[in-house]
Amino acid sequence: MAKILIVDDSDIFRLELSNVLIAGGHQCLEAENGVVGVLTARDNFDIDLIISDVNMPEMDGLEMVKQIKLIPRYEKTPIFMLTTENSQDLRSIGKSVGVLLWVAKPFDSQKLQDVIKKVVDR
């Protein structure tokens, strides 16, 4: 299936999401903030999808997206924001920096798997 990078400052949430994605047949990498997310992307040029929170220490998810989109390999890689933040302003900023989909926490595991399948298989 897909190799997915999960970026979230919550260890528990990363574990929960990773378990859901692994059960769906995906391989997961994890990062605890945007800085580590960018470094992980630079070190792994075979990531198919990135799922990130917005609010994190050191570098937030939106700044991370900007940095990752500067890496030629990741210009077209889909990025989802999976977050409790749901303001239209943040969604607009996300879209402008390259976020494909904005998903509100808590998430529906099956719906997320279905969307991932559609995005990765295209």
Chemist: Kindly work out whether a path of hydrophobic side-chain contacts (I/L/V/M/F/W/Y, heavy atoms less than 4.5 Å apart) joins F45 to L29.
Modeler: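 Same cluster: F45 reaches L29 through Ile, Leu, Val, Met, Phe, Trp or Tyr contacts under 4.5 Å.
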Chemist: Could you tell me which non-hydrogen atom of D8 sits nearest to which non-hydrogen atom of R14, and how far apart they are?
Modeler: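 Closest heavy-atom pair between D8 and R14: O-NH1, 2.6 Å.
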Chemist: Going by the side-chain hydrogen bond (donor to acceptor under 3.5 Å, both in side chains) test, name the single residue among Q110, K117, K118 that passes it with D114.
Modeler: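 Exactly one pass, corresponding to Q110.
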Chemist: Drop me the distance from K3's NZ to D46's CG, to the nearest 0.5 angstrom.
Modeler: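 Those atoms lie 3.5 Å apart.
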Chemist: If you compare all heavy atoms of N33 against all heavy atoms of M56, which two are closest, and at what distance to 0.1 Å?
Modeler: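 Shortest heavy-atom contact: CA-SD, 3.8 Å.
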Chemist: Please check: side-chain N/O of W102 versus main-chain N/O of T83, any donor-acceptor pairing under 3.5 Å?
Modeler: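 Flag not set: sc W102 to bb T83 has no pair under 3.5 Å.
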Chemist: How long is the span from the OG atom in S10 to the CD atom in E16, to the nearest 0.5 Å?
Modeler: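 If I round to the nearest 0.5 Å, the distance is 8.5 Å.
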Chemist: Just verifying a value: how many Å separate I47 CD1 and I68 CD1, rounded to the nearest 0.5 Å?
Modeler: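 Output value for this atom pair is 7.0 Å.
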Chemist: Under 4.5 Å between side-chain heavy atoms, hopping through other hydrophobics if needed: is there a path connecting V120 to L101?
Modeler: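 Same cluster.
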Chemist: K66 and E63: side-chain contact (heavy atoms from CB on, under 4.5 Å), yes or no, with the steps?
Modeler: CA-CA 5 Å; K66 287 183 211 174; E63 181 60 32; 3.5 Å; yes
Chemist: Is L5 reachable from V20 through a run of I, L, V, M, F, W or Y residues, each pair having side-chain heavy atoms under 4.5 Å apart?
Modeler: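 Hydrophobic grouping puts V20 apart from L5.
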Chemist: Between L100 and I79, is the side-chain contact (heavy atoms from CB on, under 4.5 Å) condition met? List the steps.
Modeler: CA-CA 6 Å; L100 177 66; I79 300 177; 5.8 Å; no
Chemist: Do you know the tightest heavy-atom contact between V35 and E58?
Modeler: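 Here V35 and E58 meet closest at CG2-CB, 4.0 Å.
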Chemist: List the atom of K105, the atom of T84, and the distance in Å for their closest heavy-atom pair.
Modeler: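 For K105 and T84, the tightest heavy-atom pair comes out as CB-CG2, 3.9 Å.
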Chemist: Looking only at the side chains, is there a donor atom on one of R73 and T77 sitting less than 3.5 Å from an acceptor on the other?
Modeler: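 Note: R73 and T77 side chains meet the donor-acceptor criterion.
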Chemist: With a 4.5 Å limit on heavy-atom distance, are the side chains of I116 and I51 in contact?
Modeler: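 Heavy-atom side-chain distance check passes, below 4.5 Å.
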Chemist: Working to the nearest 0.5 Å, report the span between CE of M81 and CG of N86.
Modeler: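 Rounded to the nearest 0.5 Å, the CE-CG separation comes to 13.0 Å.
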Chemist: Quick check: are there more than 12 heavy atoms from other residues, nucleotides or ligands sitting under 6.0 Å from NZ of K95?
Modeler: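 Open.
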Chemist: Report the residue from L82, D9, I6 that forms a side-chain contact (heavy atoms from CB on, under 4.5 Å) with D53.
Modeler: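 Single side-chain contact (heavy atoms from CB on, under 4.5 Å) partner of D53 among L82, D9, I6: D9.
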Chemist: Quick one: CD on Q113 to CG on L21, what's the gap to the nearest 0.5 Å?
Modeler: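 Taking CD in Q113 and CG in L21, the distance rounds to 5.5 Å.
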Chemist: Walk me through whether Q27 and I4 qualify under side-chain contact (heavy atoms from CB on, under 4.5 Å).
Modeler: CA-CA 6 Å; Q27 180 183 359; I4 302 172; over 6 Å; no
Chemist: Is there a side-chain contact between M64 and I50, using heavy atoms and a 4.5 Å cut-off?
Modeler: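 Yes, side chains in contact.
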Chemist: Would you indicate whether the side-chain heavy atoms of E85 and R91 approach each other to under 4.5 Å?
Modeler: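 Result no, sub-4.5 Å side-chain heavy-atom pair not found.
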Chemist: For K76 and K69, which heavy atoms make the closest approach, and how far apart are they?
Modeler: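 That closest heavy-atom pairing would be C-NZ, 4.0 Å.
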Chemist: Are L112 and V54 linked, directly or through other ILVMFWY residues, by side chains that come within less than 4.5 angstrom of each other?
Modeler: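 Per the 4.5 Å side-chain linkage, L112 and V54 are not co-clustered.
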Chemist: Which residues satisfy the ring-ring contact (aromatic ring centres under 6.0 Å, His included) test with F107, sequence neighbours excluded?
Modeler: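 Testing F107 for ring-ring contact (aromatic ring centres under 6.0 Å, His included), a comparison that skips the adjacent residues, returns F13.
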Chemist: Would V7 end up clustered with V115 when hydrophobic side chains under 4.5 Å apart are linked, directly or stepwise?
Modeler: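 Shared cluster, no.
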Chemist: Say you draw a straight line from CD of E30 to CG of L15; how long is it, rounded to the nearest 0.5 Å?
Modeler: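 Interatomic distance, E30 CD to L15 CG, rounded to 0.5 Å: 7.0 Å.
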Chemist: Can you give me the closest heavy-atom contact between L49 and P78, atom names plus distance?
Modeler: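 Smallest heavy-atom distance, with atoms named: CD1-O, 3.3 Å.
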Chemist: Counting heavy atoms not belonging to L70, are there more than 12 under 6.0 Å from its CG?
Modeler: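 Correct, the count exceeds 12.
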